[in-house]
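The structure under discussion appears below in the form of structure tokens.
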Number of protein chains: 2
Amino acid sequence: MSTKSKILDAAEVLFADKGFNGTSLREITSQAEVNLAAVNYHFGSKKELIKAVMSRYMNELSPRLESALNVLCINEVQPTLIDVFSAFLEPLLHLNSFKDNGTSTFLQLLGRGYTDSQGFLRWFLTTQYPGVFTNFTQAVQRAYPELNAEEMFWRLHFTMGTIVFTMSSSDALIDIAQNDFDRQVDIAGVIKQVIPYVAAGVAAPIVR
Amino acid sequence: MSTKSKILDAAEVLFADKGFNGTSLREITSQAEVNLAAVNYHFGSKKELIKAVMSRYMNELSPRLESALNVLCINEVQPTLIDVFSAFLEPLLHLNSFKDNGTSTFLQLLGRGYTDSQGFLRWFLTTQYPGVFTNFTQAVQRAYPELNAEEMFWRLHFTMGTIVFTMSSSDALIDIAQNDFDRQVDIAGVIKQVIPYVAAGVAAPIVR
DNA sequence: CCTTAATTCAAACACCTGTTTAAAATAGCT
DNA sequence: AGCTATTTTAAACAGGTGTTTGAATTAAGG
């Protein structure tokens, strides 16, 4: 296994767990069992390492996501919001076969990226993977045409918040749920719970 | 104005803006125009300072919030979810008269606290201010009795995520919205938009 | 006014941060 | 084999971190 991969593997779980600011290069390199200088040699800087970690997931996710949303728009002239959000399920869960706990890790990273480092990751994602966003808003537009651009803007950000935030603390929440309700829960179960919630939220009656 | 207050005032806006990990004591003390050692003299440690910043807001918010939810449960035998979430509006907006941009700052701090520092703030809030949580779940229970404990658990955390996450990046989002839609938006406007969203989310049909 | 307590201050503490360097080791290629 | 380019390594770098210290200053009370 290459040094580059070892670093990425160690970095992604530490970043997901403790945030980008909260994780030092020394933690990463000792976890990965490589030399400290290897990060700067292979990636140039910590910031570039963060981008590389996110890119590895986005490159796996974004084509599947775009195509799932495309299929939806072709097959259904007016998909329901449940359809739209359900289209995320397969691509997201596929990350689990790409990597152990991949779905959970990726969503945690996404959550970190939105709050850590003053939103530079939001900039990175929207500029590097604009297709995902336009496809998504198009699908929602089709499902709920009465929503104007501004209302959609807010509701999509509320949705983003729900997903990302829940998932960024999903490990802790799953622990609590398993103790309190004595029931096996996994990330797929949580996603299936959240779909009706966000679908109903986006579909809420318009207040003007 | 006391040194203690000057520190708290400077700390809260820096914490809200850059996170707890992302803000150094030297930034705080130079912004507050006090000596570096004053933080450890007056608060003991950085961690205690964080608690003090949060406590100042929680002590202002929590009695108003508890009473608003109590009033709701007394007056209405079965409040709507809109009623329940609307009960948050006045107490939250009151923070604006307690402090400039108080509402926004507090919600940003809440968002930081949930993701920074591995959830120690969640522990702090749930153990120090349990009344808010029990009152809230009681009100939701009344409004939507069909929801069982586990479903409620998840939907309340989704709601928490929506609110906290949106608000923690509300400044950036408000900026975008003002540019894109050429419309004046403030924190109260965002809260009014988010209420129907979360109410509909919690009220979503149950999937079993 | 003098003494005692509370506060402020500059300086240093020990440690951690991301990054760079130059030598050593390894790999690939003819 | 020998030469070259790539990679790994230990060490140092310059600067930032939270915290502590002990002397200087200010405030309070008799």
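As a basis for the values below, the full set of heavy atoms in this structure was taken, side chains included, without hydrogen atoms, waters or symmetry mates. Letters A, B, ... mirror the listed sequences (proteins, then strands); counts begin at 1.
Atom C1' of nucleotide C:dA6 and atom CZ of B:F43 are separated by 16 Å, given to the nearest angstrom. Note: CG (B:L25) to C1' (C:dA11) measures 17 Å, nearest angstrom. Across the protein-nucleic acid pair, B:E33 atom CD and C:dA10 atom C1' stand 18 Å apart, rounded to whole Å. Distance CD1 (A:I28) to P (C:dG18): 8 Å, rounded to an integer number of Å. Straight-line distance from the CG atom of A:N21 to the P atom of C:dT17: 12 Å, rounded to whole Å. In this entry the distance linking OH of B:Y41 with P of D:dA24 reads 18 Å, nearest Å. Protein atom CG of B:N35 is 15 Å distant from nucleotide atom C1' of C:dA6, rounded to whole Å. For B:K47 and D:dT17, the NZ to C1' distance is 16 Å, given to the nearest whole Å.
If you check every strand for non-hydrogen atoms under 4.0 Å, B:A37 touches a base. Counting non-hydrogen atoms under 4.0 angstrom, A:S2 reaches nothing in the nucleic acid.
Comparing D:dT19, D:dG18, C:dT20 by their nearest atom to the side chain of B:N40 picks out D:dT19.
Atom CG of B:L107 is separated from atom CZ of B:R112 by 13.0 Å, given to the nearest 0.5 angstrom. Between the CG atom of A:L8 and the NE2 atom of A:H42 there is a distance of 10.5 Å, given to the nearest 0.5 Å.
In this structure, A:S45 does not reach the C:dG18 phosphate: none of its side-chain N or O atoms is under 4.0 Å from OP1 or OP2. Under 4.0 angstrom from either OP1 or OP2 of C:dT8 there lies at least one side-chain N or O belonging to B:T3. An OP1 or OP2 oxygen of D:dG16 is reached within less than 4.0 angstrom by no side-chain nitrogen or oxygen of B:S24.
Side-chain contact of A:N70 with A:S67: a donor-acceptor pair under 3.5 Å is absent, judged by distance alone.
A salt bridge does not link B:K99 with B:E60: every distance from a Lys NZ or Arg NE/NH1/NH2 to an Asp or Glu carboxylate oxygen is 4.0 Å or more.
The base of D:dG18 is paired with the side chain of B:R26 by a donor and an acceptor separated by under 3.5 Å.
Of the two residues near DNA chain C, A:G22 and B:H42, the one whose nearest nucleotide lies more 5' is B:H42.
Ring planes of A:F88 and A:F136: perpendicular class, angle over 60° (limits at 30 and 60°).
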